2 protein chains.
Amino acid sequence: MVNSRPSRPPTIYDVARTAGVSKSLVSLVLRGSPSVSEARRTAVLEAVEQLGYRPSQAAATLAGATTRTIGVVIDDFRNLWFVSLLQGLQEGLAPHGFRIAVSDHTMNAHVEAGPLDGFLAMRVDGLVIATEPTPAMRVPVGLPVVVAGSRLGVVLGADVVADDDRLGGRLATEHLLELGHRRLGHLTGDGGAARLRAEGFRDAVRARGLRAPEVRGAGRTTEEDGYRAARRLLDEAPATTAVFAANDTMAMGALAAARERGLRVPEDLSVIGYDDSPIAATHLLQLTTVDGRNAEVGAAAAERLVRRVTTTADEPVRTALLTPRLMPRSSCAGPRDG
Amino acid sequence: MVNSRPSRPPTIYDVARTAGVSKSLVSLVLRGSPSVSEARRTAVLEAVEQLGYRPSQAAATLAGATTRTIGVVIDDFRNLWFVSLLQGLQEGLAPHGFRIAVSDHTMNAHVEAGPLDGFLAMRVDGLVIATEPTPAMRVPVGLPVVVAGSRLGVVLGADVVADDDRLGGRLATEHLLELGHRRLGHLTGDGGAARLRAEGFRDAVRARGLRAPEVRGAGRTTEEDGYRAARRLLDEAPATTAVFAANDTMAMGALAAARERGLRVPEDLSVIGYDDSPIAATHLLQLTTVDGRNAEVGAAAAERLVRRVTTTADEPVRTALLTPRLMPRSSCAGPRDG
DNA sequence: TACGCTTATTGGAGCGCTCCAAAAAGTGAC
DNA sequence: GTCACTTTTTGGAGCGCTCCAATAAGCGTA
């Protein structure tokens, strides 16, 4: 008979006892205090190892320690734009000993009362909101929050780090214009970022004295939306030679629509996306896109968060707008006949 | 001057005071006890609302409550196979009041000492390991653990829920054979799932008395690996008419290689993937693939976990193998000339 | 009005830590 | 050996909750 009673995990007292020291000393060792003799330190560490001791995050938090955890709210795991954001965050936070807890907003929608409740209950030290902020996202005063990636939808007292979507939209559009395209279209959606990118598109098109259609799918910015929007665009304006999609996922849908029409990319139709997500860099797509600097956005968010968490000073709220960058790949070229 | 001192969050005592009741009563209300008078209940809830009170997860956990949280270890956010797994888990867990905490294994590799330490420190009620388990994943006795998606790499005392990768590999291969292909190849990688799928491939090929090459990229199963492996395959066996890739991501690379060689899919080359990940269902790929039943795997994992967490009985370790299913789409067809 | 019984409410103990002030152990100069 | 320090180690208080036993309140009924 194996004793498999879920024997509750060992505590700091257990470690103290087997190491022959006081619980306080164990605590000091675990938190890396310099004023502990080498002998005791090793004794404690051995006891830890032997017992398989893992400090209770709960007890530590309760006892006033900070959780050293930053909550990150993502909108949807399926759209990969957040990957480099997360990476930038991670890299900016790790050196300061902060860990990240990720939560998918749409997925947890039914579980919690509010989208932030889980994180608030676990007393995260800070929050990164990488979605369109909703009014339900009420944040307690004093909790450092950074809205990353979106600059619309205000969260009171939150810093904002985002790339300049409007500029990015202009960049993408100007790239198409410079290649010689005059009949272009934009595939857009309902989100804030999409709106700004559409504005950039409009800016660039108007600056050339052109008019160009903006089409949407079902309002979201999925592959399906991109596909539908592109079909509609190609129906209504068959002479179109270039398409700017609000993000890479939509661009993927546009590529599908183009193929369906027998249009080669980029020979017959140029397609440009936005986000420089992992799928854009694949051999299959080689999608020209706009790098929204998500890694840098993440790094900047990390930096802001660390500053706010570690300093007591009352820093003013800041908005940082990073400059997007064109990522030319193989999905854009000049139009067949100028 | 606004008082923006990070005033620490209100406690249960604050709520009790403003509601004019005892802290215990507040606790009862919050945990939905039936034996609380309506008057007090509303008084408490109003106080909660007014103060913006959020119970401290840490204190609750420490005081003996369970965390109602299941930790999920994912290998890499970029490979989307886990999405439906997560969804299945979520749906199975939510009705029982469990929440999910996700962590990306490769991303957190540098942060924590062990891959599970974060979860252990937060005292999760159970664990889902959706990666190849590594020896470093030592799990405390009594903690319910389910290894999901992979059946190799044993974690002591853990249940296993996975699809039958070997059978799936056979299914995929037989599909190609039935379509009439005789010159086929397999793109594989180093992981355990890949190994099993390769075995299935071998089984099916041998059963027909054929021989067929298995190629790998750099050992992983990324798009890049798929691309490189496919190129190599097409170099070495240019007459190949069908390719079975170890997963959808690799299949995507194979599609790229095919296009580069001027091979149309499926007319000149059939490509089948594995996982039925979100990218397979896109309009652009319409990839024939094998559904690894990840949603069901997730659901089954949830069910096992809930059972183990809520019953004290000492259930024996179980391995459940779900039957994979072919998902025919448009990337496979018969060979041009039989 | 008092009695038992059920239902609603309360205070106290304790979960496993951190933090702090205080005690113990070293260390060197006299 | 003593004294004044410095370095290392310790016990106690308390974080915000849950759980439990105990009390208070309500409610019929004798």
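These numbers come from a predicted model, not from an experiment. Reminder, nothing fancy here: chain letters follow the sequence lines and each chain counts from 1.
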Contact check, side chains of A:Leu25 and A:Arg40, non-hydrogen atoms, under 4.5 Å: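 Yes. Closest side-chain heavy atoms under 4.5 Å.
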
4.5 Å side-chain heavy-atom contact, B:Leu127 and B:Phe119: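 Touching, per the 4.5 Å side-chain cut-off.
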
Summary of protein contacts for nucleotides 12-18 of chain D, nucleotide by nucleotide, where a base hit scores B, a sugar-phosphate-only hit scores S (4.0 Å, heavy atoms): B-BBBBB

Ion pair check, B:Arg318 and B:Asp159, cut-off under 4.0 Å: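 Salt bridge between B:Arg318 and B:Asp159, a charged N being under 4.0 Å from a carboxylate O: no.
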
Atom-to-atom span, CD of B:Glu38 to P of C:dT9 - whole angstrom: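 Roughly 11 Å, once rounded to whole Å.
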
Non-hydrogen atoms of A:Ala47 and A:Thr18 that approach each other most closely: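 Nearest heavy atoms, A:Ala47 then A:Thr18: CB-OG1, 3.1 Å.
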
Between B:Thr61 and B:Gln57: side-chain donor-acceptor atoms closer than 3.5 Å: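 On atom types as modelled, these side chains qualify, holding a pair under 3.5 Å.
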
